[in-house]
Amino acid sequence: MHNHNDIDMKNFLYAKDLGDLRKALDEAMEIKKDRFKYVELGKNKTALLVFFNNSLRTRLSTQKAALNLGMNVIVLDVNAGAWKLETERGVIMDGDKSEHLLEAIPVMASYCDVIGIRSFAGLTDREYDYAETVYNQFVKYSGKPVFAMETATVHPLQAFADLITIEEHKTVKRPKVVLTWAPHPRCLPQAVPNSFAEWMNEADVDFVITHPKGYELDPMFAGDAKVEYDQMKAFEGADFIYAKNWSCPGVTEPDKYGKILEDYHNLLDWTVSERQMAVTNNGKFMHCLPVRRNMIVTDDVIESKNSLVIPEAANREISATVVLKRILEGIK
Ligand code: AN0
Ligand code: CP
């Protein structure tokens with residue numbers, strides 16, 4: 001099959017891996033009109049989806065995408081039936097882990113053509129997480145194309161689906177898009193906000209990030225994005241509100257990495273409600289899901305006509321179909 005894209009895609013972590021985003025968006029719209037247009041492309045090719053963490057959307061939408069392309073799919077839940085895997089080299093394996101990733105990866109790779117990985121940040125060792133240690137071992141030892149289904153620092157299939165959703169719902173040429181931190185009782189990774197910021201910086205939007213002090217995203221992803229610490233000010237005139245919780249990225253204070261900096265009870269005014277939505281430009285509400293109601297967003301806002309959470313999740317099938325298609329074109 002002739003590869004007519006500007007980039008031979010082997011791995012997928014960042015926006016740049018897709019090349020021209022305008023072209024990628026056009027391709028997404030083409031696939032949305034006819035999901036099975038490239039059903040011949042994946043014939044006798046097998047996608048292996050490896051999950052180290054829970055998933056609803058990624059699990060289903062990526063399988064559906066592979067089926068759209070005529071691929072076979074194998075899903076492995078590492079923590080439900082496989083041997084527990086050691087991921088670090090040099091460890092004396094006398095604990096509960098029966099197998100090492102360094103054997104498991106080439107074995108898994110021998111049964112497939114493309115590998116998707118979900119491996120969340122451990123949130124204890126910033127260097128280990130930000131080096132994408134687990135993902136990079138898959139790249140190095142599988143010899144197969146590897147794509148991220150949320151790794152330690154990024155969730156590009158989500159960010160691409162978000163970009164598609166914004167493109168479909170914008171009412172002005174250059175919309176104002178606001179990424180807002182919101183409260184959550186547990187420590188969550190930075191992958192979703194990292195990728196969202198990275199992709200919005202590449203897109204034709206006016207992008208603003210708002211969060212309490214201390215939650216500054218890594219500059220590798222936040223780039224030159226405007227940070228406004230006053231949430232109400234940030235929301236003024238916004239066309240899209242993208243809510244997400246994340247734990248401390250530890251950019252300036254590595255010892256706080258992965259932590260919640262202040263009890264969420266004190267920060268419940270960050271929960272997205274009609275109060276903040278009222279100052280937007282009839283703003284649309286977005287969240288990657290799963291979402292905790294009345295922590296991240298009120299019932300009223302998520303159920304309002306301006307809520308895009310369901311079409312946004314539906315677009316995960318489209319982003320994954322484009323990404324798998326690009327990878328398949330690269331291995332022909
Ligand atoms: C994960 C996170 O915040 O990264 C997955 C989001 C797609 N969310 C939870 O663990 C609740
Ligand atoms: N948004 C997202 O990736 O959802 P899952 O964790 O359910 O896959």
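Counting convention: from 1, in listed order, for ligands and their atoms alike. We're numbering straight along the sequence, starting at 1.
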message = In this structure, does ligand 2 have an atom that sits under 4.0 Å from one of the heavy atoms of Met149?
response = no

remark   = Of all protein heavy atoms, the one nearest atom 4 (O) of ligand 2 is Arg57 NE, 2.8 Å

request  = Kindly indicate, with the supporting measurements, whether the criterion salt bridge (charged side-chain N to carboxylate O under 4.0 Å, His left out) is fulfilled by Asp77 and Arg59.
outcome  = CA-CA 10 Å; Asp77 283 298; Arg59 171 188 304 273; 2.9 Å; yes

ask   = Just wondering, more than 12 heavy atoms not from Asn54 lying within 6.0 Å of its CG?
value = no

remark   = Closest non-hydrogen atoms of Pro290 and His287, given as atom of the first, atom of the second and distance, are O-CE1, 3.4 Å

ask   = Taking everything shown except Asp34 itself, do over 12 heavy atoms lie less than 6.0 Å from its CG?
value = yes

ask   = Would you say Gln158 touches ligand 2, if touching means a heavy atom closer than 4.0 Å?
value = yes

query = Nearest protein heavy-atom contact for atom 2 (C) of ligand 2: which residue, which atom, what distance?
reply = Arg316 NH1, 3.3 Å

ask   = Would you say Tyr135 and Phe147 make side-chain contact, with heavy atoms under 4.5 Å?
value = no

remark   = heavy-atom search around atom 7 (O) of ligand 2 in the protein gives Leu56 N, 2.7 Å

inquiry  = Consider side chain to side chain contact (heavy atoms under 4.5 Å, CB included). Of Val309, Thr280, Thr298, which one does Phe285 pass it with?
reply    = Val309

task = Could you tell me which non-hydrogen atom of Thr165 sits nearest to which non-hydrogen atom of Glu312, and how far apart they are?
result = OG1-CA, 3.5 Å

note = atom 6 (O) of ligand 2: closest protein heavy atom, distance to 0.1 Å, is Arg118 NH1, 2.8 Å

query = Considering distance alone, does some N or O of Leu289 sit under 3.5 Å from an N or O of ligand 2?
reply = yes

inquiry  = If I compare all heavy atoms of Glu88 with all of Tyr128, which pair ends up nearest, and what's the gap?
reply    = CG-CE1, 3.8 Å

Under a 3.5 Å threshold, I'd like every N/O contact between ligand 1 and protein atoms, with atom names and distance.
residue  : atom  : partner : partner atom : Å
ligand 1 : 3 (O) : Lys244  : NZ           : 2.7
ligand 1 : 4 (O) : Glu150  : OE1          : 3.3
ligand 1 : 4 (O) : Glu150  : OE2          : 2.6

